[in-house]
Amino acid sequence: MKILIIRFSSIGDIILTTPVIRCLKKQIAGVEIHFLSKPNFKSILIANPYIDKLHLLDANISTTISELKAEKFDLIVDLHHNLRTLIIKTRLAAPSVSFDKLNWQKWFLVNFKINKLPQNHIVDRYFDTIKLLKVRNDGAGLDYFLNADYQIENLLPATHQQNYIALVIGAQHATKRLPQHQLIKLCGNFTQPVILLGGPEDRSRAVEICEQTGAHVFNGCGKFSLDQSAFLVKMAAQVISHDTGLMHIAAAFNKPLISVWGNTIPEFGMYPYQTERSVIFEVNGLKCRPCSKIGFQKCPLGHFKCMNAIDVQQIAVEVKKVLPEIPIAADPNKNGKI
């Protein structure tokens with residue numbers, strides 16, 4: 001049997017498909033698993049041993065469809081379910097099953113604060129999509145397979161290589177991120193080494209955080225590839241993250257994890273999956289929340305209470321339950337502000 005799984009984006013959504021990939025491969029004898037995604041997410045999937053062939057979406061969808069037609073799939077598992085996947089399924093003319101995105105339920109929750117969503121994780125809903133195959137969730141959680149054997153001494157200064165906190169300051173939308181003053185206040189509560197993780201777009205914010213806090217905070221934003229960032233998450237003693245892809249990578253490595261939620265809510269079904277120690281921080285009782293199922297570049301009401309009212313000192317208390325307050329070692333040649 002040859003199965004094509006489709007999920008174009010994003011980082012977190014793709015990682016949340018990994019239990020389905022694994023269980024299909026391990027539970028169906030002789031199955032051949034193919035996966036279709038966007039080229040910029042290749043690094044998340046290329047090392048996955050349960051994927052027999054990875055296909056990358058071409059700018060010309062007809063080119064991709066021609067490539068896929070040659071494979072003669074027995075089943076298409078559409079875990080993205082949009083117009084492009086409909087075109088692909090129609091043109092391939094193979095049997096298919098499609099993930100129910102529950103868009104109207106999300107719309108009701110965002111606009112009327114009426115929750116009609118099922119009380120289960122999106123991973124379990126992905127498994128509902130393939131129930132005709134009688135494949136069961138094995139309960140082994142998420143997967144993330146690194147593409148290389150990284151060495152921490154090649155990535156971090158000596159002062160920050162052990163017992164560090166990985167603080168993910170990035171997120172695609174501003175309303176999913178703690179504001180700058182909150183991040184500065186949070187970092188000021190630690191003496192342990194802190195690694196700031198994010199993309200190049202987060203670098204200037206990270207520079208300011210380092211300047212306002214101290215040598216214990218190292219700016220890693222824009223310095224590492226996604227795969228290297230995943231490795232640093234794996235090696236961290238504690239991870240603090242917004243609702244973003246590295247949060248799900250931390251869950252895949254079963255790290256002690258604190259997730260911070262702003263305009264989005266865990267009830268959408270994308271909270272950290274099957275982690276032994278996961279703590280959620282959010283401001284409950286706000287009539288305006290959730291204001292979007294994705295996010296905005298600024299708070300629609302201007303007050304941004306969902307993030308401004310997060311108790312960052314309590315986050316520090318939770319970290320110290322897991323991680324002893326060990327100051328970084330003195331290193332006059334490294335101050336973390338690079």
Side-chain angles (χ1 to χ4, degrees), residues 3-25 33-61 63-65 67-68 71 73 76-89 98-99 101 122-123 125-126 129 141-148 150 168 170-173 176 197-202 220-234 239 241-253 264 268-270 272-273 293-295:
I3 297 175
L4 172 66
I5 302 171
I6 304 175
R7 181 74 218 192
F8 294 143
S9 61
S10 56
I11 295 170
D13 296 287
I14 293 170
I15 291 167
L16 291 171
T17 70
T18 57
V20 168
I21 299 169
R22 179 184 65 245
C23 291
L24 283 170
K25 186 64 178 176
I33 301 295
H34 293 230
F35 200 105
L36 173 62
S37 192
K38 291 181 179 179
N40 46 322
F41 300 113
K42 178 180 178 180
S43 67
I44 304 172
L45 297 160
I46 193 65
N48 191 318
Y50 304 116
I51 297 175
D52 295 290
K53 188 172 182 180
L54 177 62
H55 303 268
L56 301 175
L57 186 66
D58 194 89
N60 184 343
I61 194 171
T63 300
T64 298
I65 290 171
E67 174 190 333
L68 295 174
E71 299 289 350
F73 294 108
I76 300 170
V77 178
D78 180 5
L79 298 181
H80 200 102
H81 200 183
N82 67 359
L83 179 58
R84 274 190 295 186
T85 64
L86 176 61
I87 293 169
I88 291 170
K89 289 181 293 186
S98 301
F99 173 63
K101 297 171 84 169
I122 193 172
V123 170
R125 288 166 46 208
Y126 280 157
T129 306
L142 307 177
D143 287 326
Y144 188 94
F145 298 96
L146 294 165
N147 298 312
Y150 301 108
V168 183
Q172 185 176 2
H173 300 281
K176 296 174 76 172
L197 294 177
E201 68 279 5
D202 302 305
C221 294
K223 290 178 61 70
F224 307 115
S225 68
L226 174 60
D227 205 52
Q228 289 171 328
S229 295
F231 170 75
L232 293 175
V233 163
K234 180 181 180 181
V239 180
S241 178
H242 302 121
D243 171 21
T244 190
L246 282 176
M247 177 188 78
H248 297 296
I249 290 174
F253 291 129
T264 56
F268 284 146
M270 298 183 69
Y273 188 66
K293 67 178 182 180
I294 301 174

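When reading the values below, keep in mind they use all heavy atoms of this one structure, side chains included, and skip hydrogens, waters and symmetry mates. None of these values were measured; they are calculated from a predicted model.
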Fill in the blank from the handout: ring-ring contact (aromatic ring centres under 6.0 Å, His included) filter on F224, not counting sequence neighbours, yields none
Practice task
Tell me, with the steps shown, if D143 and I21 meet side chain to side chain contact (heavy atoms under 4.5 Å, CB included).
Solution key: CA-CA 9 Å; D143 287 326; I21 299 169; over 6 Å; no
Just distance, no hydrogens or angles: give the donor-acceptor pairs under 3.5 Å from side chains in residues 49-58, sequence neighbours left out.
{"residue": "D52", "atom": "OD1", "partner": "K25", "partner atom": "NZ", "Å": "3.1"}
{"residue": "D52", "atom": "OD2", "partner": "K25", "partner atom": "NZ", "Å": "2.8"}
{"residue": "D52", "atom": "OD2", "partner": "I33", "partner atom": "N", "Å": "2.7"}
{"residue": "K53", "atom": "NZ", "partner": "E71", "partner atom": "OE2", "Å": "2.7"}
{"residue": "H55", "atom": "ND1", "partner": "E67", "partner atom": "OE2", "Å": "2.5"}
{"residue": "H55", "atom": "NE2", "partner": "H34", "partner atom": "ND1", "Å": "2.8"}
{"residue": "D58", "atom": "OD2", "partner": "N60", "partner atom": "N", "Å": "2.8"}

Can you sort out the partners of [X] under side chain to side chain donor-acceptor pair (under 3.5 Å), two or more places apart, ordered by chain and number?
X    : value
T64  : none
N48  : none
K38  : none
R125 : none

Donor-acceptor contacts under 3.5 Å from residues 4-16 side chains, at least two apart:
{"residue": "R7", "atom": "NE", "partner": "S9", "partner atom": "O", "Å": "2.4"}
{"residue": "R7", "atom": "NE", "partner": "H80", "partner atom": "ND1", "Å": "3.4"}
{"residue": "R7", "atom": "NH1", "partner": "L79", "partner atom": "O", "Å": "2.9"}
{"residue": "R7", "atom": "NH1", "partner": "Y126", "partner atom": "OH", "Å": "3.4"}
{"residue": "R7", "atom": "NH2", "partner": "S9", "partner atom": "O", "Å": "2.8"}
{"residue": "S10", "atom": "OG", "partner": "D13", "partner atom": "OD2", "Å": "2.9"}
{"residue": "D13", "atom": "OD2", "partner": "S10", "partner atom": "N", "Å": "3.2"}

Roughly how far, to the nearest 0.5 Å, is the [atom2] atom of [Y] from the [atom1] atom of [X]?
X    : Y    : atom1 : atom2 : answer
L24  : T17  : CG    : OG1   : 10.0 Å
S229 : K223 : OG    : NZ    : 11.0 Å
I76  : L68  : CD1   : CG    : 8.0 Å

Side-chain donor-acceptor pairs under 3.5 Å in residues 242-252, sequence neighbours left out?
{"residue": "H242", "atom": "ND1", "partner": "V168", "partner atom": "O", "Å": "3.4"}
{"residue": "H242", "atom": "NE2", "partner": "L178", "partner atom": "N", "Å": "2.9"}
{"residue": "D243", "atom": "OD2", "partner": "T264", "partner atom": "OG1", "Å": "2.9"}

Problem - Counterpart residues, side-chain contact (heavy atoms from CB on, under 4.5 Å), relative to I87 (two or more places apart) - result: I61, I65, L83, R91
Practice task
Could you pull out all residues at least two apart from D227 that satisfy side-chain contact (heavy atoms from CB on, under 4.5 Å)?
Solution key: Y144, L146, N147, Y150, S225
Exercise for the section: Check whether any side-chain heavy atom of T129 sits under 4.5 Å from a side-chain heavy atom of V20, and report yes or no. Expected result: no
Handout entry: K234: salt bridge (charged side-chain N to carboxylate O under 4.0 Å, His left out) partners, not counting sequence neighbours
Key = none
Problem - Test item: H81 side-chain N/O and F99 main-chain N/O as donor-acceptor pair under 3.5 Å - result: yes
Exercise for the section: Search all heavy atoms of V123 against all heavy atoms of P19 and return the closest pair with its distance. Expected result: CG1-CG, 3.9 Å
